[in-house]
Amino acid sequence: MTRMMVAHPRPLLVILLQLLLSCLPALGYSSNRFFYQDILNGNGNGEIHFNGVKLHVDSSQPFVFALRGSNATLSCRYWYEPELSSPRRVRVKWSWLPIVGGHETDVLVAIGPRIHSFGDFRDRVHLRQDSPGDASLVMTELQLNDTGRYRCEVIDGLEDKSATVNLELRGVVFPYQPPHGRYNLTYHDAQQVCQEQDSTLATFEQLFQAWEEGLDWCNAGWLADGTVQYPITKSRSPCGGLGLAPGVRSYGRRHRHLHRYDAFCFSSSLRGKVYYLQLPQKVNLTEAQQVCFNNGAQIAKVGQLYAAWKFMGLDRCDAGWLADGSLRYPINNPRRNCGPMEPGVRSFGFAPPHHKHGVYCYSAVVVFPYQPPHGRYNLTYHDAQQVCQEQDSTLATFEQLFQAWEEGLNWCNAGWLADGTVQYPITKPRRPCGGLGLSPGVRSYGSRHRHLHRYDVFCSSSPLQGKVYYLQLPEKVNLTEAQQACFKDGAQIAKVGQLYVAWRFMGLNHCDAGWLADGSLRYPITKPSRNCGPLEPGVRSFGFPPPYQKHGVYCYSAGMQ
């Protein structure tokens, strides 16, 4: 008789436990590659309940106002009631909802010391963590499209609480009409023309504030939310009628592809300087572009001129060419023969390009002195060209050095300039630098022999297309290890010019000295403090230490706007 083998049924509890264990990774996995089971360790027993303890999350400042290029701190704090006797590891997540709407996207996620940032926020956001429960978000190098609602979410086990902070950039709103005339822009055209003028489509809130400050414009224009509106401070017949009270008139939402209007653009602070170029004679549009280029600059855009008028007090009664072919001038101190008796940017529209006028230029460079590893006064003119190029820069022009002197550059060593002269800037006269009796200024040795004479050099760098950052490492590294560490991080070791640009235009502030590509050791300070060198902004240098010494490192990652 054949005996049949019958498997004994496994206990139901064992099967259920196995199923639960196999599902835990899936249940605990988040889109940010953090696992909830990583934080459910409480006091060591993995508890996920609070037994009467309540989690609170709050922001002390629900609205934050800042300027483009500056830094901002979005406050967030969490605490427990009653207070816990020992700290717990929580998951902190910051997300962002753009002011123009759309999907909420991740900004930063942190679990204990592990922090990860995302997308355009990568490497320019971190948690402040000044005290227990501080989850405030520190943002650097603010961009025009950073405005919106930020949500601070704190997760502890099954408890999940959040608070929101609204970030708004301060700036100036201006109406824009393209060269081909009134009411010719679809919504997407409007986005593009604003971007071309170093600005972005204004939001309703920005337009409303501009109206409160006196903006009066009768042509309707696109806003960021797809509505079409216009601000009226002086009611009149062609602009809604005399019977209507002043306000922001609205056409409501319009079809973004079919309907055509003008645009209201928004520009925040500048990274550089706008100036009226003094010329012996007027120039046409093509010549205007060339003379700005010859001056180490570029012809200014409309948004740049408005920002210079609004934030830098630019006041000039001479009409000048701008990059779009328009003719404008900024007035902060109204006076006779300079248009209406109120501040503003005056426009003459789009003049024929062969007409002769002045020009407004935009310079966005940082000038820095450079001395090679082998010591002072060792560079011929052609050596100077090469070392500037190696540091992602070019030889500075006299105009650029003069502007840097006006902004406070003080350097006693003479250096080559692009025109073959040798000069140096002095803001504080002293005995070794021309003598106490001389007034401040740019001292000149005149033109020198480009092959025989040797000096240092003044280089100039323009804004980057990437990001410079101090690489957080578990321990210090030598120069070779520094280069490798940046490479492993998907970047390269930063050059001197890149560090200066990040300091000047991106607000990079870090008190730790780090290796750079040329073997020098430097660090950037935008917010002077004790123990970080002189109490003034600048890039501090420790020269060229032996390459085997251990220090930090600054990396450069290209393409991260």
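Heavy-atom basis, side chains included; hydrogens, waters and symmetry copies ignored. Keep in mind it's a predicted model, so treat the numbers as computed, not measured.
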task: Indicate yes or no: does Asp146 engage Arg124 in a salt bridge with an N to O separation below 4.0 Å.
output: yes
- prompt: Run the side chain to side chain contact (heavy atoms under 4.5 Å, CB included) check on Asp106 and Lys93 step by step: do they pass?
  reply: CA-CA 8 Å; Asp106 292 344; Lys93 175 184 175 183; 2.9 Å; yes
- request: Return yes if some donor-acceptor pair links the side-chain N/O of Arg454 with the main-chain N/O of Asn378 below 3.5 Å, else return no.
  value: yes
- request: Given side chain to side chain contact (heavy atoms under 4.5 Å, CB included), test Val90 with Tyr78 step by step and report yes or no.
  value: CA-CA 10 Å; Val90 300; Tyr78 67 92; 3.5 Å; yes
- prompt: So, the side chain of Ser199 versus the backbone of Ser267: is there a donor-acceptor pair under 3.5 Å, distance only?
  reply: no
message: Using only atom types and a distance under 3.5 Å, with no angle test, would you say the side chain of Gln391 pairs donor to acceptor with the backbone of Val496?
response: yes
- request: Mark yes when over 12 heavy atoms from residues, nucleotides or ligands other than Tyr377 sit less than 6.0 Å from its OH; otherwise mark no.
  value: yes
Side-chain (Ser268) to main-chain (Leu169) donor-acceptor, under 3.5 angstrom: no
Pairwise ring pair (Phe, Tyr, Trp, His ring centres under 6.0 Å) hits with a residue in residues 291-313, at least two apart: Phe174-Tyr306
query: Looking only at heavy atoms, which two atoms of Ala135 and Leu127 are closest? And how far apart?
result: O-CD2, 3.6 Å
field: Residues in salt bridge (charged side-chain N to carboxylate O under 4.0 Å, His left out) contact with Glu407, at least two apart in sequence or another chain
entry: Arg504
message: Considering only residues two or more places apart or on different chains, which pairs with a residue in residues 368-407 satisfy disulfide bond (SG atoms under 2.5 Å apart)?
response: Cys388-Cys459
query: Given Asp156 and Tyr80, is the side-chain hydrogen bond (donor to acceptor under 3.5 Å, both in side chains) satisfied, shown in steps?
result: CA-CA 11 Å; Asp156 187 339; Tyr80 299 93; 2.5 Å; yes
Partners passing salt bridge (charged side-chain N to carboxylate O under 4.0 Å, His left out) against Lys273 (at least two apart in sequence or in another chain): Glu406
field: Qualifying residue, where the test is ring pair (Phe, Tyr, Trp, His ring centres under 6.0 Å) with Tyr554 and the options are Trp515, Trp503, Tyr470
entry: Tyr470
message: With salt bridge (charged side-chain N to carboxylate O under 4.0 Å, His left out) as the rule and sequence neighbours excluded, what pairs involving residues 528-557 come up?
response: Glu481-Lys550
- line: Sorted by chain and residue number, the side chain to side chain contact (heavy atoms under 4.5 Å, CB included) partners of Arg128 (sequence neighbours excluded) come out as Thr73, Asp130, Asp134, Ser136, Val138
task: May I ask you to decide if the ring planes of Phe402 and Phe398 are parallel, tilted or perpendicular, using 30° and 60° as cut-offs?
output: tilted
task: Answer yes or no: is there a side-chain heavy-atom contact under 4.5 Å between Phe368 and Phe458?
output: no
Do any side-chain atoms of residues 415-425 form donor-acceptor pairs under 3.5 angstrom with protein atoms, and if so which ones, sequence neighbours left out?
| residue | atom | partner | partner atom | Å |
| --- | --- | --- | --- | --- |
| Trp416 | NE1 | Leu379 | O | 2.8 |
| Asp419 | OD1 | Thr421 | N | 3.0 |
| Asp419 | OD1 | Thr421 | OG1 | 2.6 |
| Thr421 | OG1 | Gln423 | NE2 | 3.0 |

- request: Could you pull out all residues at least two apart from Cys555 that satisfy side chain to side chain contact (heavy atoms under 4.5 Å, CB included)?
  value: Tyr469, Leu471, Cys486, Ala491, Val553
query: Taking only residues two or more places apart in sequence or in another chain, which ones pass side chain to side chain contact (heavy atoms under 4.5 Å, CB included) with Pro547?
result: Leu479
task: Could you walk me through whether Arg91 and Glu153 pass salt bridge (Lys or Arg N to Asp or Glu O under 4.0 Å), step by step?
output: CA-CA 8 Å; Arg91 180 176 185 260; Glu153 184 180 12; 5.4 Å; no
task: Run the ring-centre check on Tyr523 versus His510 and record whether the distance is less than 6.0 Å.
output: no
Side-chain heavy atoms of Leu97 within contact of Arg151, under 4.5 Å: no
query: Are Asp518 and Tyr370 close enough, and set up right, to give a side-chain hydrogen bond (donor to acceptor under 3.5 Å, both in side chains), and what steps lead you there?
result: CA-CA 11 Å; Asp518 65 338; Tyr370 189 81; 2.6 Å; yes
task: Could you tell me whether a side-chain N or O of Arg430 sits under 3.5 Å from a main-chain N or O of Lys428, the two making a donor and an acceptor?
output: yes
- prompt: With sequence neighbours excluded, what pairs up with Thr200 under the side chain to side chain contact (heavy atoms under 4.5 Å, CB included) test?
  reply: Leu144, Phe266
message: Before you tell me yes or no, could you show the steps for Val367 and Gln400 under side chain to side chain contact (heavy atoms under 4.5 Å, CB included), namely the whole-Å CA-CA distance, both residues' side-chain angles and the distance that decides it to 0.1 Å?
response: CA-CA 7 Å; Val367 173; Gln400 291 168 345; 3.9 Å; yes
- prompt: Going through the distances and angles, do Asn166 and Val64 end up as a side chain to side chain contact (heavy atoms under 4.5 Å, CB included)?
  reply: CA-CA 6 Å; Asn166 292 282; Val64 173; over 6 Å; no
message: In the structure I gave you, are the side-chain heavy atoms of Thr140 and Leu508 within less than 4.5 Å of one another anywhere?
response: no
statement: Gln492 meets the side-chain hydrogen bond (donor to acceptor under 3.5 Å, both in side chains) criterion, sequence neighbours left out, with none
message: So Val107 and Tyr150, do their side chains get closer than 4.5 Å, heavy atoms only?
response: yes
Distance in Å, Asp489 CG paired with Gln472 CD, rounded so as to fall on 0.5 Å steps: 10.5 Å
message: For Glu390 and Gln386, which I'm curious about, is there any donor-acceptor pair between the side chains at under 3.5 Å?
response: yes
Salt bridge (charged side-chain N to carboxylate O under 4.0 Å, His left out) involving Asp456 - partner list, sequence neighbours excluded: none
query: For the side chain of Thr427 and the backbone of Leu409, is there at least one donor-acceptor N/O pair under 3.5 Å apart?
result: no
- prompt: When the ring centroid of Trp96 is compared with that of Phe121, is the distance short of 6.0 Å?
  reply: yes
query: Is the Lys NZ or Arg CZ of Arg170 less than 6.0 Å from the centre of Phe65's six-membered ring, within 45° of the axis?
result: yes
message: Just checking Glu104: does its CD atom have more than 12 heavy atoms from other residues, nucleotides or ligands closer to it than 6.0 angstrom?
response: yes
field: Donor-acceptor pair between Glu168 and Thr147 side chains, under 3.5 angstrom
entry: no
field: 4.5 Å side-chain heavy-atom contact, Trp405 and Pro440
entry: yes
message: Given 3.5 Å as the limit, does a donor-acceptor pair link the side chain of Asn509 with the main chain of Thr526, or not?
response: yes
field: Check: Lys301 main-chain N/O paired with Gln304 side-chain donor or acceptor under 3.5 Å
entry: yes
message: For the CG atom of Asp392 and the CG atom of Leu499, what is their distance to the nearest 0.5 Å?
response: 12.0 Å
